[in-house]
Amino acid sequence: MRLRFAPSPTGNLHIGTLRAALFNWLYAKANGGTFVLRIEDTDLERSDAQYETNIVDGLDWLGLTIDEGPTQGGDYGSYRQSERIKAGVYDEKAKKLLASGHAYYCFLTPEDIEKEKASAIKKGIPYVHSRRSSDMSEEDVNDALASGKPYAIRFKMMSDREITFKDLVRGDISFDCSLLSDFVLVKSDGTPSYNFAVVVDDAAMAITHVIRGEDHISNMPRQLAIYEALSLQAPQFGHLPMILGPDKSKLSKRHGATAITEYRDRGFLSEAFLNYLALLGWSPTGEQEILSPDELIKQFSLDRVHKSGAVFDVQKLTWMNGQYLRKLSVDVLYSLVMRYVSADFSQIMQGYDLKKQHLAVAAIQDNLDVLSDAMSYLEVFFERDSAYLDLVKDQAFTADQCLVLKTFLELLEQSDADSMDDYNALLDAVCKKLDLGKGKVFKPIRLALTGRGSGPNIGALLAFFEDDVISKRLGDCLD
RNA sequence: GGCCCUAUCGUCUAGGGGUUAGGACACCAGGUUUUCAUCCUGGCAGCCGGGGUUCGAAUCCCCGUAGGGCUACCA
């Protein structure tokens, strides 16, 4: 079983494309198949090596390991269409089609075709290419060729046929060929068109299953016709539902961040992202939604792929990311967090004991949805005194609250509290001594210590700050 | 316009002739917690419409409607 992911490097890897890659990968892994990457860069104008890098980076981030591709090679190379053009792969097949009468030279200019189209629209009839050039005599064709007239090679669509195929996710789909134009196989610049190139390459690379977006369904009759004309065995096809933006149209740049590297940079975990994406258009048998890559592979099957489009919901992605973040060990979370705080902040943090740093990170673990939020939650621990002073200067403390601060300070002086537990015990003692509820006690202490009304667990806060800092801050509030 | 695909809570989805139509996100309410959160409990909320078929349709069929895709010498 051989699956392929065949993006064109005309832009960054985005969600829809990636989801296709993911499903191919899952299907390949689930069945012990091979996952190949083929770069479809026949559009010389728009293709760019930088995008190929972005695509590979994205796959890499998510752990979608490639078995054969431009960088890892394989027995079916080259894995870049631009290189295959140079190798003459497509020319050979085009000649074959020309020779067998399935294709012909077309000398019509784009303007000619525009005219045909306009007149069809005017008459209110569906446009079908006139295939005028296919009637030319061999002599005329040779003359035109010899005179250097620009030409394209078109496929001669059999007009009185119906083409049917069994889609792996949708079942039988059929098309009336009489409605289909003779389409271009080879463009006038000599490069193959998409429909031609995919067929030639999927066949040459012995691809057995093609899983791609629903937007490719209408290409099926053209591609199937080429397989037939070339007497090639067609793979099986499965078309995935589209991923939609909030407005239900195909997800695109105008829906915001679509380059998947942006999600990485915002602090989504690759496993969470993968998990969420897998649930878009596919569902497992049970009700468990949090699934590791291995579990996904184990459970994946094409017959549980949904048929209708799915709206990409950042909120749920974010929730899922939080779930993954919460399961991380402090060590791992810490090293992750350090990659998402600014260089300055990281330097400040590293001025503290590693133990303290871990304490702070552990204290914010339950707050985190995305790693890029970490810094703002961590601020309270590592900010400069001036920032703290700025916040606390507007805080007014009532006499009762001052009593709480004073009592706490007294107890603190007599204790040798060190851990979170110790400080919590101290806090309890204050409550008991003053006969006050926790709210009445904790609030003024938090306020005095951080200048904020909310934040991490106060035990963690107290354990983090040195006793002299606590004394100073609380003491100053009493004045 | 033509062709193709699709239609269950706001969103992701389960369920494919007999179910109190299940779960998750979001939202709301309660609880835990010193707070924002996390966590726990509960709630709100759905089968696009109309015709068939059937003893019985969310489920099967047809027709509408709506959405999406394609209609390139882009992929």
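This structure is a prediction, so every number in the text was calculated from the model and none was measured.
- Between the C1' atom of B/C4 and the CG atom of A/L224 lies a distance of 14 Å, rounded to the nearest Å.
- For A/T398, the side-chain contact (heavy atoms from CB on, under 4.5 Å) test picks out A/D400, A/Q401, with sequence neighbours left out.
- Residue A/I458 is in base contact, counting any heavy-atom pair closer than 4.0 Å across all strands shown.
- Nearest to the side chain of A/A310, among B/U6, B/C12, B/U34, sits B/C12.
- Nucleotides B/U8 and B/A37 place their C1' atoms 33 Å apart, quoted to the nearest Å.
- Residue A/F442 contributes atom CZ, which lies 5 Å from atom C1' of B/U34 at whole-angstrom precision.
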For residues 156-169 of chain A, tabulate all N or O donor-acceptor pairs below 3.5 Å that involve a side-chain atom, not counting sequence neighbours.
{"unit_1": "A/R161", "atom_1": "NH1", "unit_2": "A/E228", "atom_2": "OE2", "d": "3.0"}
{"unit_1": "A/R161", "atom_1": "NH2", "unit_2": "A/E228", "atom_2": "OE1", "d": "3.1"}
{"unit_1": "A/D167", "atom_1": "OD1", "unit_2": "A/V169", "atom_2": "N", "d": "2.8"}
{"unit_1": "A/D167", "atom_1": "OD1", "unit_2": "A/R170", "atom_2": "N", "d": "3.0"}
{"unit_1": "A/D167", "atom_1": "OD1", "unit_2": "A/H239", "atom_2": "N", "d": "3.3"}
{"unit_1": "A/D167", "atom_1": "OD2", "unit_2": "A/H239", "atom_2": "N", "d": "3.3"}
{"unit_1": "A/D167", "atom_1": "OD2", "unit_2": "A/H239", "atom_2": "ND1", "d": "2.6"}

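- Rounding to whole angstrom units, CD of residue A/Q299 and P of B/A14 are separated by 13 Å.
- Separating the P atom of B/U38 from that of B/A26 is a span of 8 Å, rounded to the nearest Å.
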Side chains of residues 85-94 of chain A: which donor-acceptor partners sit under 3.5 Å, not counting sequence neighbours?
{"unit_1": "A/Y90", "atom_1": "OH", "unit_2": "A/D201", "atom_2": "OD1", "d": "3.2"}
{"unit_1": "A/Y90", "atom_1": "OH", "unit_2": "A/D201", "atom_2": "OD2", "d": "2.6"}

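- One P atom belongs to B/G18, the other to B/U13, and the distance between them is 24 Å to the nearest Å.
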Exercise. Sugar-phosphate means primed atoms, P, OP1 and OP2; the rest is base. With that split, encode nucleotides 36-43 of chain B 5' to 3' as B, S or - using protein heavy atoms under 4.0 Å.
Key: BBSS----
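- Under the side chain to side chain donor-acceptor pair (under 3.5 Å) criterion, no residue pair touches residues 360-378 of chain A, with sequence neighbours excluded.
- Residue A/I173 contributes atom CD1, which lies 6 Å from atom P of B/C5 at whole-angstrom precision.
- Side-chain contact, A/S193 with A/N195: no donor N or O sits under 3.5 Å from an acceptor N or O.
- Each of A/F35, A/Y27, A/F237 was checked for a ring pair (Phe, Tyr, Trp, His ring centres under 6.0 Å) with A/H209, and the lone residue meeting it is A/Y27.
- Spacing between atom CD of A/E287 and atom P of B/A14 amounts to 11 Å, rounded to whole angstrom units.
- Atom CG of A/L462 and atom C1' of B/U35 are 14 Å apart (whole Å).
- Heavy-atom minimum distance, A/L461 versus A/P456: CD2-O, 3.5 Å.
- Side-chain atoms of A/Q315 lie closest to B/C25 of the nucleotides B/C25, B/U34, B/C3.
- Sorted by first and then second residue, the salt bridge (Lys or Arg N to Asp or Glu O under 4.0 Å) pairs involving residues 177-189 of chain A (not counting sequence neighbours) are A/R131-A/D182.
- Closest to the side chain of A/P126, from the set B/U8, B/G2, B/C12, is B/G2.
- With a cut-off of 3.5 Å on both Watson-Crick or G-U wobble distances, the partner of B/U34 is given as none.
- Nucleotides B/G51 and B/G15, compared at atom P, are 28 Å apart to the nearest Å.
- Between B/G10 and B/U71, the two P atoms lie 33 Å apart (nearest whole Å).
- Heavy atoms of A/T318 sit nowhere under 4.0 angstrom from any nucleic acid atom.
- Nucleic acid contact for A/R170: sugar-phosphate only, since backbone atoms but no base atoms lie under 4.0 Å from a heavy atom of the residue.
- Cation-pi check for A/R473 over A/F465 is met; the charged atom lies under 6.0 angstrom from the ring centroid and within 45 degrees of its normal.
- When Watson-Crick and G-U wobble pairs are counted only if both distances are under 3.5 Å, B/A24 pairs with B/U11.
- Both tests hold for A/R19 against A/F23: distance to the six-membered ring centre under 6.0 Å, angle to the ring axis within 45°.
- Atom CG in A/L427 sits roughly 12 Å away from atom P in B/U35 (whole-Å rounding).
- OP1 or OP2 of B/G15 has at least one side-chain nitrogen or oxygen of A/R304 nearer than 4.0 Å.
- Sorted by first and then second residue, the salt bridge (Lys or Arg N to Asp or Glu O under 4.0 Å) pairs with a member in residues 445-460 of chain A read A/E383-A/R452; sequence neighbours excluded.
- Across the strands present, B/U41 finds its partner in B/A29; the criterion is a Watson-Crick or G-U wobble pair with both atom distances under 3.5 angstrom.
- Across all strands, A/K443 comes closer than 4.0 Å to no nucleic acid atom at all (heavy-atom distances).
- For A/S292, the side chain to side chain donor-acceptor pair (under 3.5 Å) criterion is met by A/E295, not counting sequence neighbours.
- With sequence neighbours excluded, the residues forming a side-chain contact (heavy atoms from CB on, under 4.5 Å) with A/L434 are A/L403, A/V404, A/T407, A/V430, A/L436, listed by chain and number.
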Self-check item: Footprint string (nucleotides 67-75 of chain B, 5' to 3'): B base within contact, S backbone only, - free, heavy atoms under 4.0 Å
Solution: -SSS-SBBB
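- Spacing between B/U53 and B/U65 at atom C1', rounded to whole Å, works out to 22 Å.
- Remark: the separation of the C1' atoms in B/G50 and B/A66 is 14 Å, to the nearest Å.
- On the C1' atoms, B/C27 is 12 Å away from B/C9, given to the nearest whole Å.
- For residues 279-292 of chain A, the salt bridge (Lys or Arg N to Asp or Glu O under 4.0 Å) pairs, not counting sequence neighbours, are A/E289-A/K316.
- Within 4.0 Å of A/G322, counting heavy atoms only, lies no atom of the nucleic acid at all.
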Extract from the structure each pairing of a protein N or O with an N or O of nucleotides 62-65 of chain B at less than 3.5 Å, listing the distance.
none

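- For A/N275 and B/C25, the CG to C1' distance is 13 Å, given to the nearest whole Å.
- In this structure B/C3 sits in a base pair with B/G69, meeting the Watson-Crick or G-U test at under 3.5 Å.
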